[in-house]
J.: 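First the structure, then my questions, so here it is.
The structure presented is a predicted model; accordingly, all values stated were derived computationally and were not measured.
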Amino acid sequence: MANPLKQKLLRNETVLVVNPDHPSPSLTEFVAKLGVDGIFIDCEHGMAGIERVSDMCRAARVAGVPTVVRPECDAPWLVTRYLDAGGDGVMVPHIDDEAMATRLVETVRYARPRDHGDKVVIAMIESLQAVERLDAILAVEGIDVFFVGPNDLSQSMGLPGQMHSPEVKAMVKSLGARISAAGRIPGTLVVQETAAEFVAAGFSYLYEHANNFLAAGTASFCRQLSARS
């Protein structure tokens with residue numbers, strides 16, 4: 001069965017993947033049924049262990065939605081393990097040069113010899129070292145999306161915690177333009193207030209957190225109650 005997330009990317013359509021933010025299969029299934037294009041399972045900053053990742057992948061599959069797993073690092077055994085657990089793709093952090101990008105592609109092909117072409121392979125560009133080596137990284141075949149990570153990039157730029165600052169946003173957009181100009185697909189992290197802005201800047205792979213939706217909805221509800229009291 002073809003990966004619908006990858007098919008949409010190949011058609012140059014905008015896709016949204018959402019992180020449930022909690023290691024919960026039931027929440028994963030609920031979020032997957034909300035009309036998103038993919039479920040993002042974060043093992044770099046999240047709390048899910050390998051068995052829970054497998055459960056969350058199955059829950060998303062029940063809803064007919066593919067999963068993208070972010071491993072703790074680019075170690076081949078970790079990438080392999082999460083693909084074996086049922087991930088329909090991997091988004092690997094800190095791909096800083098072409099050798100790391102090449103190893104990522106080789107790992108996916110080794111781990112999934114029969115269906116690697118159906119997996120979504122995402123390299124995260126999130127350091128000034130990666131920015132310097134970007135042209136060489138973009139030349140590596142087999143990567144579907146080059147994801148500009150604004151949080152770590154802000155730290156590398158000497159602006160920790162300022163991922164929404166004008167300087168960091170300008171850097172993210174300039175990298176997106178370079179990725180698009182090379183004929184590759186750029187992605188980045190968005191929130192509700194910035195999604196349209198980054199789509200207009202050419203980003204077609206968008207990543208957001210379910211916690212942000214929950215916080216926004218709760219705040220709106222509480223404001224309505226306060227206005228009536």
Side-chain angles (χ1 to χ4, degrees), residues 1-9 14-75 77-94 108 111-112 115 118-122 124 126 144-145 147 149-152 161 163-164 187-195 205-225:
M1 178 178 177
N3 185 333
L5 179 61
K6 185 158 186 173
Q7 294 304 309
K8 288 192 74 170
L9 289 169
T14 300
V15 302
L16 172 65
V17 298
V18 172
N19 184 346
D21 286 311
H22 303 276
S24 167
S26 59
L27 180 59
T28 296
E29 183 179 353
F30 177 81
V31 174
K33 290 179 178 178
L34 296 178
V36 302
D37 297 295
I39 289 292
F40 183 82
I41 304 173
D42 189 0
C43 297
E44 183 189 17
H45 297 290
M47 298 177 290
I50 186 65
E51 291 184 3
R52 185 49 56 90
V53 169
S54 181
D55 292 340
M56 293 170 73
C57 288
R58 279 196 294 271
R61 195 172 300 117
V62 166
V65 173
T67 51
V68 174
V69 182
R70 175 161 63 182
E72 293 88 329
C73 65
D74 73 326
W77 68 272
L78 269 178
V79 174
T80 298
R81 198 177 193 202
Y82 290 125
L83 289 172
D84 288 345
D88 298 298
V90 287
M91 189 163 106
V92 180
H94 302 291
V108 174
R112 311 301 301 175
D115 64 346
D118 204 35
K119 301 300 178 182
V120 178
V121 182
I122 304 168
M124 297 189 70
E126 44 189 349
D144 299 297
V145 177
F147 185 95
N151 192 25
D152 283 289
M163 57 179 286
H164 298 298
T188 195
L189 176 68
V190 298
V191 294
Q192 187 173 353
E193 294 78 12
T194 64
Y205 178 94
L206 308 179
Y207 164 43
E208 169 64 305
H209 289 267
N211 275 353
N212 288 338
F213 299 135
L214 179 62
T218 302
S220 175
F221 189 78
C222 289
R223 283 194 300 269
Q224 293 179 46
L225 292 179

J.: Tell me whether the rings of Phe147 and Tyr205 are parallel (<30°), tilted (30 to 60°) or perpendicular (>60°).
T.: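 Correct class here is perpendicular.
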J.: Please name the pair of heavy atoms, one in Gly87 and one in Val69, separated by the smallest distance, quoted to 0.1 Å.
T.: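 Result for this residue pair: CA-CG2, 4.1 Å.
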J.: How close do Val31 and Ala210 get, counting heavy atoms only, and between which atoms?
T.: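 Looking at all heavy atoms of both residues, the shortest contact is CG2-CB, 4.5 Å.
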J.: Do Asp37 and Val65 have side chains that approach each other closer than 4.5 Å (heavy atoms only, starting at C-beta)?
T.: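 Side chain of Asp37 against side chain of Val65, heavy atoms only: no contact under 4.5 Å found.
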J.: Might you confirm whether atom CZ of Arg61 has over 12 heavy atoms from other residues, nucleotides or ligands at distances under 6.0 Å?
T.: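 Yes, enclosed.
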J.: With heavy-atom distances below 4.5 Å as the criterion, would you say the side chains of Tyr82 and Ile50 are in contact?
T.: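 Touching, per the 4.5 Å side-chain cut-off.
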J.: State, with a plain yes or no, whether a side-chain heavy atom of Glu208 is found less than 4.5 Å away from one of Leu16.
T.: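 With C-beta onward as the side chain, the pair touches.
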J.: Applying side-chain contact (heavy atoms from CB on, under 4.5 Å), run through Met56 and Glu29 and close with a yes or a no.
T.: CA-CA 8 Å; Met56 293 170 73; Glu29 183 179 353; over 6 Å; no
J.: Indicate yes or no: at least one non-hydrogen side-chain atom of Leu189 is less than 4.5 angstrom from one of Asn151.
T.: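 SC-SC contact between Leu189 and Asn151 ruled out.
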J.: As an exercise, state the distance from OG1 of Thr218 to CZ of Arg223, rounded to the nearest 0.5 Å.
T.: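 With rounding to 0.5 Å, OG1 (Thr218) is 10.5 Å from CZ (Arg223).
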J.: Check the pair Val190 / Thr188 against side-chain contact (heavy atoms from CB on, under 4.5 Å), numbers first and verdict last.
T.: CA-CA 6 Å; Val190 298; Thr188 195; 4.2 Å; yes
J.: Testing Leu83, Asp84, Leu78 one by one against Thr80 for a side chain to side chain contact (heavy atoms under 4.5 Å, CB included), which residue passes?
T.: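 When side chain to side chain contact (heavy atoms under 4.5 Å, CB included) is applied between Thr80 and each of Leu83, Asp84, Leu78, only Asp84 qualifies.
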J.: Please name the pair of heavy atoms, one in Ala63 and one in Lys33, separated by the smallest distance, quoted to 0.1 Å.
T.: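 Of all heavy-atom pairs spanning Ala63 and Lys33, the closest is CB-CG, 3.7 Å.
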J.: Under a 4.5 Å cut-off applied to non-hydrogen side-chain atoms, are Cys73 and His94 in contact?
T.: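 Side-chain contact under 4.5 Å: no.
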J.: Rounded at 0.5 Å granularity, tell me how far CG in Asn19 sits from CG in Asn211.
T.: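 Between Asn19 CG and Asn211 CG, I get 8.0 Å after rounding to 0.5 Å.
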J.: State plainly whether the residues Asp55 and Arg58 are in salt-bridge range, i.e. N to O under 4.0 Å.
T.: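 So Asp55 pairs with Arg58 through a salt bridge.
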J.: Taking the side chain as every heavy atom from C-beta outward, state whether Pro71 and Glu44 have any pair of such atoms under 4.5 Å apart.
T.: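 With C-beta onward as the side chain, the pair stays apart.
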J.: Between Val68 and Ile39, is any pair of side-chain heavy atoms under 4.5 Å apart?
T.: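 Of all side-chain heavy-atom pairs linking Ile39 with Val68, none is under 4.5 Å.
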J.: Working to the nearest 0.5 angstrom, can you tell me the gap between Ser24 OG and Arg52 CZ?
T.: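 If we round to the nearest 0.5 Å, Ser24:OG and Arg52:CZ are 7.0 Å apart.
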J.: Rounded at 0.5 Å granularity, tell me how far CG in Asp88 sits from SG in Cys57.
T.: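 Spacing of CG (Asp88) from SG (Cys57) equals 7.0 Å.
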J.: Nearest heavy-atom pair of Gly187 and Val145: which atoms, and what distance?
T.: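 Taking Gly187 first and Val145 second, the nearest heavy atoms are N-CG1, 4.0 Å.
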J.: Which heavy atom of Met47 sits nearest a heavy atom of Pro23, and at what distance?
T.: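 What the structure gives for the nearest pair is CE-CD, 3.9 Å.
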J.: How long is the gap from CD on Glu72 to NE2 on His45, to the nearest 0.5 Å?
T.: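 So the gap between those two atoms works out to 10.5 Å.
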J.: If you compare all heavy atoms of Val53 against all heavy atoms of Ala48, which two are closest, and at what distance to 0.1 Å?
T.: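 Between these two residues, the closest heavy atoms are CG2-CB, 3.9 Å.
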J.: Give, for atom CG of Leu27 and atom CG of Asp21, the distance between the pair rounded to the nearest 0.5 Å.
T.: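 Atom-to-atom, Leu27:CG and Asp21:CG are 8.5 Å apart.
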J.: Show the numbers, then the answer: is there a side-chain contact (heavy atoms from CB on, under 4.5 Å) between Phe213 and Val18?
T.: CA-CA 10 Å; Phe213 299 135; Val18 172; 4.1 Å; yes
J.: Answer yes or no: is there an ion pair linking Lys6 with Asp118, defined by an N-O contact shorter than 4.0 Å?
T.: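 No.
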J.: Is the closest side-chain heavy-atom distance between Val90 and Ile122 below 4.5 Å?
T.: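 SC-SC contact between Val90 and Ile122 ruled out.
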